[in-house]
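Presented below is the structure to which this report refers.
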Amino acid sequence: MLSDGILPNPEHAEVLCVHLGPDTTTAMGADFSEKPDRRSTGASSHGDSTSEHDSTRKEKAETSRLSSDRKAQSIAKADSHVVQVKDKGEDDIYAHLPPAEAQILKNQVELPVVKAGVKILYRYATVNDYLIIAISAICSIAAGAALPLMTIIFGNLAGEFNSYFAGTTSRADFNDTINHMVLYFIYIGIAEFVTIYVSTVGFIYTGEHISGKIRWHYLEACLRQNIGFFDKLGSGEITTRITADTNLVQDGISEKVGLTLNAVATFVTAFVIGFIKSWKLTLILSSTVVAITVSMGLGSTFIVKYSKQSLGSYALGGSIAEEVISSIRNAVAFGTQDKLARQYDVHLAKAEKYGHRVKFVLAIMIGGMFCVIYLNYGLAFWMGSRFLVNNEITLSAILTILMSIMIGAFAFGNVAPNAQAFTTAISAAAKIYNTIDRVSPLDPTSEKGEIIPEVKGTIELRNIKHIYPSRPEVTVMQDVSLVIPAGKKTALVGASGSGKSTIVGLVERFYDPVGGQVFLDGKDVSTLNLRWLRQQISLVSQEPTLFGTTIYENIRHGLIGTKHENESADQQKELVLEAAKMANAHDFITALPEKYETNVGERGFLLSGGQKQRIAIARAMVSNPKILLLDEATSALDTKSEGVVQAALEVAAAGRTTITIAHRLSTIKDADNIVVMTQGRIVEQGTHNELLATRGAYYSLIEAQKIAAKEEMSAEEEAEIDHEDDKLVRKMTSKSGDFMEDPDDKNIANKLNRTQSEKSQSSVAMQGRSENKIPEPSLWTLIKLIASFNKKEMWWMLLGLSFSIICGGGNPVQAVFFAKEIISLSYPLTDPRTGAEIPGAAHKIRSDVNFWSLMYLMLAIVQLIAYCGQGLAFAFCSEKLIHRVRDRAFRTMLRQDIAFFDKDENTAGALTSFLSTQTTHVSGLSGVTLGTLLSVITTLVAAIAVSTAIAWKLALVCVATIPVLLGCGFFRFWLLAQFQQRAKKSYEKSASFACEATSAIRTVASLTRENDVLQQYVDSLEAQEKRSLNSVLKSSLLYAASQSLMFACVALGFWYGGNRIADHEYSMFQFFVCFSAVIFGAQSAGTIFSFAPDMGKAKQAAAELKILFDRQPTIDTWSEDGASLQNVEGHIEFRDVHFRYPTRPEQPVLRGINLSVKPGQYIALVGASGCGKSTTIALLERFYDPLVGGIYIDGKEISSLNINDYRSYIALVSQEPTLYQGTIRENVLLGADRQDVPDSAIEHACREANIYDFIMSLPDGFSTVVGSKGSMLSGGQKQRVAIARALLRDPKVLLLDEATSALDSESEHVVQAALDKAAKGRTTIAVAHRLSTIQKADIIYVFDQGRIVEQGTHMELMSKGGRYSELVNLQSLGKTG
């Protein structure tokens, strides 16, 4: 159900291998880069595609091949190779390979097929588990059998009454029998309580215990697998298995088993009793079972079908919402909120249509059920009266059979859904066991293989041929031989996809090559112990993965498997500190409030890129490895952090065998050997200077990244310049001194230091700000809010409510009919004294019973119509409500300013799930709930009124039991739902831990953290089991009580009523009307309660929506205020702008920026990361307002202008290009703010963006689907589509926020050419990390820590030799010495 790789039947596991459907292949374009793809579609459908598993997300920015010819063909090259993947069976995809190679690849991805069966569920059950299961099963069966026994007593009591009135029983005997029977009720109640308690606790405990073991074995198995296996699955699938599938297994073997046994026992007992009493009547009445089963079965198939469709169309809408919210800046910048909201609405309308059907079918099902019940009453009395007249049956037998068949029929209806949980569990378990039983070809936990006692560190690749198992059609390396000498630094360079990272993967032995060998110190690595091998090697990758624990623990992970692993804490601490100092991380760590104990958050998102990278280097260094692999360890960083990290790496690499992969060639000039790779082959190798002299491929790569070189300055000069620089900065700050205290750090810091709590300082600061809580709105306000969405459906609502009242009246009416039937049937046929037949008695009984049976028929039809009418009306209203609420909520979200989305609680995931779940909960406050309440109230009021009118004493006694009965009815269903919820909730934490580990499997594998991860997981599971056992022991008491208290209430009614009857105070008619109206009425009312949507959730959801709807953003895209611009020349000016992010007010970002741009100028903003460049762009787009100062366009302050009008003159191209699901044309059109865009304009924009030819080369041209978030296109192609979209607006001002930083040199050229073209004749402001891209700028502004420190042209700044030339020098690639 979740990802397209989870196949319904395990026999077809091979289809997993190439599960790229036809629709996903058209534009796979150049994305077939060097890395194994993550089944491009599956994982991203979860919206969790960001994982380390994209093997360091490089392919986002990779195009396919490197051409060593230069810029001339680069555009054509970058877009070449649109690979078509055909969807074939597994055998076919390896068919083109020699059998030996095909076998090596198959071994890395094949899954064994486990036969599904009941046995596999209980594979890990212990003897104790089996014992507990046996006892619980016996108890379940006993509890099930107890229910129909009650009907015998009920029937006997009615018979007793009858004979007492007929005068055949004395008063003493009568009293005796009554007391006797009432005690039976009590005994059955006690037995029911005990058995249900034991069986519920037993089954839940064993279910939890066994599924805990399965979870543990599954994670163990996952950690044992080779990396190729994960490339095939995608991390999303493993996440699904650990979270969803193990929950399904637990669900299937916990209380559901008990419920199923219970229901079967009830069903069997009921029919046994019936057949003993009268086989004829029982057979005739068993038609009810068929009717109920058929109506339930048919109903549920339709419900499943329609709710699948409804969920499906909503899922499409949800993924649109997720894409839009995760790229909200883009949507806001282009003013496309309305367009995107309309797209979302299309899916909502579809979901609404199917939702109608689901709710309507449900109503028919409930109506059908009541209809059958009433028909059954009529049939039982009508047939029973015929048998009674012929003396074949007694009154007590008719009642017993009637009641027990009803109970049996409903029990039977309960078997199917619970048994279904069991079968689902079996199929889910089969998928899990597939992995558990898989033998990994590269098993890091095995003890096999030898160990080299003294490692020197010489690595040799001999005639390597490599193919990734997940992409057998691409040969990544062909006949590569390379020696990497011990203790030397070897660098690998080449375009993306040339096979550099593959070498790292082979040395770490993540994969086995299909040909050739890898040697370590002359030993073939495939003969060495895998775990030991990985412990000799440390890997630092491009996207460092940190685990969600403290910095100290993260670095300590590097000690796993080394001789230091078991040393004392102090010695370990020393090593960790040493490594952190070496990695240049110690200073920033000690500056954090909690120092080494700072928690880095999931995947380390609380630290900046450079900080994460340095912690990763410390982690790699702490074990003092023999071999160090650096896979583009600095490519994701800006120049300043890169310098720091690079320095750390150089210290680290000294005296070890080091393999470095670099996109930026400046980082590897001093390597002992530089290996240049192209398309999986080595083209040349040598030192930097040797390679430059040969003027081959390396020389051309250098040219591509060339930057004007500048002679190095001496240290003295540098110090002098720094000193001047400091003075300048100081002078500037004192000038604007009055502003420098904008809410200043000092007082904040002082305040923070006083809090002695363990919280991090920033969280304390956040607390201080979030004190102004919005008061909780009252229930009435919320109901008014919800009702306002349903205004148009007022008449439908009234119709539904009036039908609800009719539905509620069914029960009390039925009570009168029931009593009348019993009276009719107890009319004596023979004179008790003489034994002679009473003439005409038989006829009287038959005609009376016929009349009342027809009344039952009437009641059945009325109820069916009422339920259907109510269902139709409410289905219509509530689906309309959900549709409108979702639409409004989504639009309101898009209306918010960017500060709203910066908050931690408003991540894309949180907001999307709010849209999908909270909005559906809201219907709990709408008409449906009101209808349910009305019908329950009608039932109770009418029952109390009727019974009080007929027999007030008995009525009062019965009414006293109503709260108990209502409670039982409600809790019975509510607790079952709670059990399920609890099971899901409780494992969320441990599951997210497991998912973190599996999605970072490369890091776990390279650190050999397998046992460590597993141990933590097992500990958290065990703690969880203890906690849940406690809560189950408590909540099962309530559940057992809700099942058994009913017996006590019935007993009370009979005992009191019996005594009144003995005194001849009440007749039989009075007794039965009272008894059945109140007791049975309350029971059915309680059951109906459980059908009602959850009110608590509804209230909370409505409150959250109210807060959302009431939120007035400061920068409001809905507002019409503000002047509009007639025309824009493009003169931009910042006047002394100060700014801090609303989420981090203690962190100054801009401190007094002054800059001006003349119309048509191209200006560039450069500086280290975090210095405020991108913030300047965000302020220009008016995502935020500055704290102090103003931003002016053509002399007008932008905050005085109409926001939408102002933004329409600006276009933004950001670092991560944002595409939405849909075709290329739709994505380009999002740039235009008018509806009717001629094709010529689109074509012109695409030509300007250098992408027109590529689009036309695709089979579907502009109609090519780009996939979720544009995943079908490579980074460079996405970026050019984004540029085309920006140009389609024909903006006066073009903002480029690091538009090429995520691309490799090759694509960067193409995109840069497009950007240069786009900038002509427009005011352009560009932020750049790579300084080579902005040399031609009219003015370059150099930022440092939120100030502009220098400005001028490239040449001016270079000659000045200040901060800018320092940045250029850092990136310079000229020939050294």
Side-chain angles (χ1 to χ4, degrees), residues 307 310-311 313-314 317-318 320-321 325 337-338 340-360 362-363 774 776-804 870-896 911-934 1092-1113 1116 1118:
S307 51
S310 163
L311 285 172
S313 46
Y314 183 68
I320 287 186
I325 294 172
Q337 297 101 315
D338 190 49
L340 294 165
R342 279 202 299 274
Q343 278 185 19
Y344 179 66
D345 200 38
V346 171
H347 293 292
L348 291 186
K350 272 206 196 114
E352 179 193 346
K353 186 179 77 184
Y354 293 122
H356 274 170
R357 294 181 186 171
V358 173
K359 296 213 164 85
F360 185 45
L362 185 67
I774 302 164
E776 184 82 351
S778 68
L779 186 60
W780 178 237
T781 328
L782 296 179
I783 293 176
K784 278 198 302 203
L785 169 74
I786 303 301
S788 68
F789 282 100
N790 265 144
K791 266 219 182 75
K792 289 184 186 154
E793 287 83 29
M794 271 324 284
W795 295 110
W796 281 99
M797 290 286 252
L798 290 172
L799 181 72
L801 292 175
S802 43
F803 273 130
S804 297
Q870 172 208 27
L872 188 62
F874 286 143
F876 185 72
C877 295
S878 72
E879 282 302 314
K880 274 270 181 278
L881 169 77
I882 292 175
H883 178 152
R884 287 185 192 133
V885 168
R886 270 184 181 157
D887 186 45
R888 167 105 177 265
F890 185 57
R891 283 171 187 273
T892 313
M893 281 175 189
L894 296 188
R895 167 199 188 184
Q896 300 308 327
L911 292 175
T912 332
S913 75
F914 175 83
L915 277 177
S916 63
T917 53
Q918 300 292 63
T919 44
T920 39
H921 292 332
V922 168
S923 61
L925 274 184
S926 68
V928 194
T929 318
L930 200 54
T932 312
L933 282 174
L934 264 182
D1094 194 329
M1095 291 277 293
K1097 277 187 189 156
K1099 182 168 183 280
Q1100 185 196 346
E1104 286 184 38
L1105 278 167
K1106 174 129 179 58
I1107 292 169
L1108 177 68
F1109 293 155
D1110 290 351
R1111 204 173 176 280
Q1112 278 292 339
D1116 188 356
W1118 289 7

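Note that this is a predicted model, so its numbers are computed, not measured.
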With rounding to the nearest 0.5 angstrom, report the [atom1] to [atom2] distance, [X] to [Y].
X     : Y    : atom1 : atom2 : result
N790  : F874 : CG    : CZ    : 10.0 Å
L1105 : T892 : CG    : OG1   : 8.5 Å
L340  : R891 : CG    : CZ    : 10.0 Å
C877  : L798 : SG    : CG    : 9.5 Å
L799  : E793 : CG    : CD    : 12.5 Å
F890  : L911 : CZ    : CG    : 10.0 Å

Please determine if E879 and R357 form a salt bridge, counting it only when a charged side-chain N lies under 4.0 Å from a carboxylate O.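 No salt bridge links E879 with R357.
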If you take all heavy atoms of [X] and [Y], which pair is closest and at what distance?
X     : Y     : value
I786  : A1102 : CD1-CB, 4.1 Å
L1108 : A889  : CD2-O, 3.9 Å
S804  : G931  : OG-CA, 3.3 Å
G800  : Q870  : O-CG, 3.9 Å
Y344  : A321  : CE1-CB, 3.8 Å

Anything under 3.5 Å between a donor and an acceptor, one on a side chain of residues 347-356, the other on a protein residue two or more places apart or in another chain? List them.
| residue | atom | partner | partner atom | Å |
| --- | --- | --- | --- | --- |
| E352 | OE1 | H883 | ND1 | 2.6 |
| E352 | OE2 | K880 | NZ | 2.8 |

Does any part of the side chain of V885, heavy atoms only, come nearer than 4.5 Å to the side chain of L881, both counted from C-beta?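 Yes; the side chains approach each other to less than 4.5 Å.
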Begin from the C-alpha positions of K792 and R884 and carry the test side-chain contact (heavy atoms from CB on, under 4.5 Å) through to its verdict. CA-CA 12 Å; K792 289 184 186 154; R884 287 185 192 133; 3.9 Å; yes
Using the six-membered ring wherever Trp is involved, compare the ring planes of F789 and F1109 and label them parallel, tilted or perpendicular (cut-offs 30° and 60°).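 Judged by the thresholds at 30° and 60°, the geometry between F789 and F1109 is tilted.
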So, using salt bridge (charged side-chain N to carboxylate O under 4.0 Å, His left out) as the criterion, who are the partners of D345 when residues are at least two apart?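 If we apply the salt bridge (charged side-chain N to carboxylate O under 4.0 Å, His left out) test to D345, skipping adjacent residues, there are no hits.
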Less than 3.5 Å apart, any donor N or O on the side chain of Q337 or R895 sitting next to an acceptor on the other?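 Absent: no donor and acceptor within the cut-off.
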Can R886 be said to sit on top of Y314's aromatic six-ring, NZ or CZ under 6.0 Å from centre and within 45° of the ring axis?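 Flagged: R886 positioned over aromatic ring of Y314.
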